[in-house]
Amino acid sequence: MNSFFKIVLVAALFTSLYSCQKDDGVTLTPDRPYGEVFVEDSTKIREFMDSHYITYDSDFNVTFTQIPNGGSQTPISDMNELDTIQRKIHDITYVIYYLKLREGSGENITRVDSSFVSYKGFTFNKTTTDNVVTYNQTVFDEKQFPVWFSLDEVIRGWSEIIPLFKTGTYTSQADGTISFDNFGAGVMFVPSGLAYFSTGTLSIPSYTPTIFTFKLHNLRRRDHDRDKVLSMYEYGNPLDTDRFKKSPIDTDGDGRPDYIDVDDDGDGVLTKTEIAFTYDQGGVTKTGYYPYHGALVDDPSTPYNDTFGIPRKYTGPLNSNNKPTPLPVDFTDVGRIRRHLDNTSKPPYE
Ligand SMILES: [Ca+2]
Ligand SMILES: [Ca+2]
Ligand SMILES: [Ca+2]
Ligand SMILES: [Ca+2]
């Protein structure tokens, strides 16, 4: 992960810990209310968008320039590419502005994947002298060459905005370098409550909104708990397109969401055991794992059926012995509930 974000995260953790200590003789200023700071940040962000325009080159390197007196440039606030999302966090509804300069032609990234991004982050400061308003921009971090970091480990503004974009394409050049194209590219205007808030950093004052330009070059799906089910499928019901706006599901209610729980249904059997199957390969018994979704067509070169995904949970009606009546195992219905997410299922399943 990018060291900058790591440092910021660690700093945020320490701050929240220390702010709870009242009896060590140190007087600490309590954090300001999130709602009050958000109103203040929103005003600053809107003033910036009203007074600046952007230009960018073919590689989506963006420049922000203050509109001169009488200038006819289109302010950011009037751009067609400007959009907002709303998120209920900290008991208030945040409105986050962002520019979708290009969505990207590749895969959708989720907030539990790793992203390969280049970016630039800056703060801005407005001063008024003799009725003349001047803005200073201060770049606090920049990566011209992409770096990896996981979207569940960075500031909240990133976790919310980056998944609105897609990756692009890349081609290897003869000299060993890789060129990226058609990637998602944008700008986000992050209220401090979804970034560094009271903590700030060495170069970002407390309660200061930040602006990031970014390009999403590539992604890597993660399996946080290594239970053989990708985190993007464990976060919530994949049929629910809004699932990443909600809290992650916790099937067994032990306080540990499924994507970081090795035994999702809490039945004492590891998820990776529950989704394992064995097959014969040249007289040798091997172990495979059902993918969340099976393949569309069976690959004849593999000794197992590739169209199988994680089977349906065991849910027959109770028989006279109070045991579930066996049902045919279903590996393909997209609406099926996966057995590793079912806290009533017990092995054996079939
Ligand atoms: Ca997993
Ligand atoms: Ca759990
Ligand atoms: Ca899990
Ligand atoms: Ca289990």
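Any value given below was found using the heavy atoms of this structure, including those in side chains, with hydrogens, waters and symmetry copies removed. Counting starts at 1 for both ligands and their atoms, following the listed order.
Checking Asp263 against the Ca ion (ligand 4), an N/O/S atom falls under the 3.0 Å cut-off. Coordination check, Gly268 versus the Ca ion (ligand 4): failed, since every N/O/S atom of the residue sits at 3.0 Å or beyond.
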Stepwise side-chain hydrogen bond (donor to acceptor under 3.5 Å, both in side chains) test for Ser179 and Thr171: CA-CA 5 Å; Ser179 67; Thr171 44; 2.9 Å; yes

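Relative ring orientation between Phe140 and Phe212 is described as perpendicular, the plane-to-plane angle rising above 60° on a 0-90° scale split at 30° and 60°.
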Side-chain donor-acceptor distances from residues 296-311 under 3.5 Å, at least two apart:
from: Asp298; atom 1: OD1; to: Asp306; atom 2: N; distance (Å): 2.9
from: Asp299; atom 1: OD1; to: Ser301; atom 2: N; distance (Å): 2.9
from: Asp299; atom 1: OD1; to: Ser301; atom 2: OG; distance (Å): 2.8
from: Asp299; atom 1: OD2; to: Ser301; atom 2: OG; distance (Å): 3.1
from: Thr302; atom 1: OG1; to: Asp299; atom 2: O; distance (Å): 2.9
from: Thr302; atom 1: OG1; to: Tyr304; atom 2: O; distance (Å): 3.2
from: Thr302; atom 1: OG1; to: Asp306; atom 2: OD1; distance (Å): 3.3
from: Thr302; atom 1: OG1; to: Asp306; atom 2: OD2; distance (Å): 2.5
from: Asn305; atom 1: OD1; to: Thr307; atom 2: N; distance (Å): 2.9
from: Asn305; atom 1: OD1; to: Thr307; atom 2: OG1; distance (Å): 2.6
from: Asp306; atom 1: OD2; to: Asp299; atom 2: N; distance (Å): 2.9

Which pairs of donor and acceptor atoms, one on a side chain in residues 50-61, lie under 3.5 Å apart (sequence neighbours left out)?
from: Asp50; atom 1: OD1; to: Ser77; atom 2: OG; distance (Å): 2.6
from: Ser51; atom 1: OG; to: Glu47; atom 2: O; distance (Å): 2.8
from: Ser51; atom 1: OG; to: Phe48; atom 2: O; distance (Å): 3.3
from: His52; atom 1: ND1; to: Phe48; atom 2: O; distance (Å): 3.0
from: Asp57; atom 1: OD1; to: Asp59; atom 2: N; distance (Å): 2.9
from: Asp57; atom 1: OD1; to: Phe60; atom 2: N; distance (Å): 3.0
from: Asp57; atom 1: OD1; to: Asn61; atom 2: N; distance (Å): 2.9
from: Asp57; atom 1: OD1; to: Asn61; atom 2: ND2; distance (Å): 3.4
from: Asp57; atom 1: OD2; to: Asn61; atom 2: ND2; distance (Å): 3.0
from: Asp59; atom 1: OD2; to: Lys215; atom 2: NZ; distance (Å): 3.4
from: Asn61; atom 1: OD1; to: Lys215; atom 2: NZ; distance (Å): 2.9

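In this model, a donor atom of one side chain and an acceptor atom of the other lie less than 3.5 Å apart for Arg222 and His224. Remark: the Asn182 side chain and the Thr169 side chain contain an N/O donor-acceptor pair separated by less than 3.5 Å.
Of the listed residues (Phe145, Tyr170, Trp148), just one forms a ring-ring contact (aromatic ring centres under 6.0 Å, His included) with Phe116, and that residue is Trp148.
A salt bridge is absent between Asp223 and Arg221; no separation between the charged side-chain nitrogens and carboxylate oxygens falls under 4.0 Å.
Taking distances strictly below 3.0 Å, the protein N/O/S atoms close to the Ca ion (ligand 1) are Asp223 OD1, Asp225 OD1, Asp227 OD1, Val229 O, Glu234 OE2.
Take the N/O/S atoms of Asp267: the one nearest the Ca ion (ligand 4) is OD1. Between the Ca ion (ligand 3) and the N, O or S atoms of Asp261, the shortest distance is to O. Between the Ca ion (ligand 4) and the N, O or S atoms of Asp265, the shortest distance is to OD1. Shortest distance from the Ca ion (ligand 3) to Asp264 is reached at OD1 (N/O/S atoms only).
The angle Val269:O - the Ca ion (ligand 4) - Glu274:OE2 amounts to 100°, with values rounded to 10 degrees.
Residues that satisfy the ring-ring contact (aromatic ring centres under 6.0 Å, His included) test with His90, not counting sequence neighbours, are Tyr34, Tyr94.
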